[in-house]
Number of protein chains: 2
Amino acid sequence: MRQTMQHIKHLLGEQGHSWTRARSAVLTVLTTVPSPLRAEEIHRTVRSSGINLSSVYRALRLFETLNIVRRVELGGAARYELADDYRHHHHHLVCDACGRIDDVATCPVEAADLTRQIRKRTGFAVRSHVLELFGLCRSCRRDGR
Amino acid sequence: MRQTMQHIKHLLGEQGHSWTRARSAVLTVLTTVPSPLRAEEIHRTVRSSGINLSSVYRALRLFETLNIVRRVELGGAARYELADDYRHHHHHLVCDACGRIDDVATCPVEAADLTRQIRKRTGFAVRSHVLELFGLCRSCRRDGR
DNA sequence: TTGATTTTGCAAATCATTTGCAATATATGC
DNA sequence: GCATATATTGCAAATGATTTGCAAAATCAA
Ligand SMILES: [Mn+2]
Ligand SMILES: [Mn+2]
Ligand SMILES: [Zn+2]
Ligand SMILES: [Zn+2]
């Protein structure tokens with residue numbers, strides 16, 4: 001999305017970071033593909049532009065600290081997707097059989113106001129949470145796996 | 001807990017696995033310490049018995065597949081704790097400042113009956129979920145970090 | 001106790017990710 | 001645009017966590 005790219009480019013400038021081919025390319029992939037991708041998957045689509053895997057990792061790391069991208073851990077290599085500031089806060093349904101990953105907008109942590117409950121009960125101030133749901137997607141279920 | 005150890009020993013036998021010094025030692029640690037531990041931390045307390053780090057990893061892997069232990073991913077090395085069959089289903093509060101890890105019994109996924117809702121809406125059959133909460137524990141909050 | 005079967009210690013391999021460094025690209029002020 | 005100070009990159013080597021091959025040692029069932 002052009003809007004998002006422009007905004008992020010500007011943000012990088014403000015923070016004293018350059019707008020480089022590598023960063024731009026990685027970001028293009030992430031704004032294009034909705035599911036969380038591995039560094040290696042991102043690299044596969046930008047390597048033709050002569051961009052090194054290390055640079056992909058470096059770009060992702062920078063984006064993560066700037067809250068542009070968030071890391072998603074689903075077992076194995078980490079995955080990355082645009083952060084909540086650019087896409088609705090959401091969680092994932094991961095199919096154990098075929099590996100398909102879908103978004104779920106429903107957040108039970110927000111729905112239950114869990115953050116407030118925990119703060120009241122324990123004094124712990126929740127600032128973020130990780131929630132991932134695993135199971136079988138409709139079609140794998142049909143295939144009786 | 002003696003009860004738990006006996007039960008697991010019996011379970012291993014049933015499934016054709018031996019009851020070995022390494023497995024017994026790892027299990028003793030896990031039934032003793034309530035917070036999720038890293039392989040290396042477990043090893044530190046059993047190395048004196050001449051047990052190798054590889055064996056700790058192998059024991060943990062076996063226990064995981066037998067649903068005796070569950071892996072907890074909180075960033076960095078994986079951690080392991082007794083599985084839900086032996087301890088209440090629960091999640092964690094991880095303090096970003098001091099690293100303290102507490103259990104939370106409240107499960108918003110169960111509370112919201114999210115599994116059923118998702119199945120109805122999307123056909124996806126949720127079988128398990130991962131939820132970890134990050135923030136500042138009461139005392140780190142007081143210290144104003 | 002014994003022989004068949006598992007498991008272990010150890011070292012080397014693997015996998016994801018990070019890092020040092022010299023070469024290259026980007027930004028900024030002419 | 002052009003020069004140049006600074007930031008970034010490619011590449012290869014390092015790292016940290018976890019896994020693996022294999023011969024030796026432990027466990028198990030008879
Ligand atoms: Mn997503
Ligand atoms: Mn726990
Ligand atoms: Zn949420
Ligand atoms: Zn739960």
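Each chain gets a letter, A, B and so on, in the order its sequence line appears, and its residues count up from 1.
As rounded to whole Å, 10 Å separates atom P of C:dT6 from atom NE2 of B:H17. For the pair A:R23 CZ and C:dA25 P, the computed distance is 15 Å after rounding to whole Å. Protein atom CG of B:L60 is 15 Å distant from nucleotide atom P of C:dT7, rounded to whole Å. Whole-Å rounding puts the A:W19 CH2 to C:dT28 P distance at 15 Å. When rounded to the nearest whole Å, the span between CD of A:E64 and C1' of C:dT17 equals 12 Å. We find that CG of A:L12 is positioned 13 Å from C1' of C:dT26, with the value rounded to whole Å. For the pair A:I51 CD1 and D:dT8 P, the computed distance is 15 Å after rounding to whole Å. Going from atom NZ of A:K9 over to atom P of C:dT26 covers 11 Å, rounded to whole Å.
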Counting primed atoms plus P, OP1 and OP2 as sugar-phosphate and everything else as base, spell out the protein contacts along nucleotides 11-24 of chain D at 4.0 Å heavy-atom distance: B, S or - for each nucleotide, 5' to 3'. BB----SBBBB---
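Transitive grouping of hydrophobic side chains (ILVMFWY, heavy atoms separated by less than 4.5 Å) keeps A:V69 and A:V72 in distinct clusters.
With the end axes of the helix from C:dT1-D:dA30 to C:dC30-D:dG1 each set by five pairs, the angle from one to the other reads 40° at 10° resolution.
Of all non-hydrogen atoms in A:R38 and A:E41, the two that sit nearest each other are N-OE1, 2.7 Å. A pairwise comparison of heavy atoms in B:G123 and A:R141 identifies O-NH2, 2.7 Å as the closest pair. Nearest heavy-atom pair, A:A25 versus A:V46, reported as atom, atom and distance to 0.1 Å: CB-CG1, 3.8 Å. In terms of heavy-atom proximity, A:L53 sits nearest to A:A39 at CD1-O, 4.0 Å.
Note: A:H129 and B:H92 fail the aromatic proximity criterion, with ring centroids not under 6.0 Å apart.
Neither side chain, A:H10 nor A:Q15, offers a donor N or O lying under 3.5 Å from an acceptor on the other. A donor atom on one side chain and an acceptor atom on the other are found under 3.5 Å apart for B:R121 and A:T106.
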Could you walk me through whether A:H7 and A:Y86 pass the ring-ring contact (aromatic ring centres under 6.0 Å, His included) test, one step at a time? CA-CA 10 Å; A:H7 178 252; A:Y86 302 92; 5.6 Å; yes
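The side chain of B:S55 contributes no N or O atom lying less than 4.0 Å from OP1 or OP2 of C:dT7.
Checking C:dT26, D:dC28, C:dT8 against every side-chain atom of B:S18, the shortest atom distance belongs to D:dC28.
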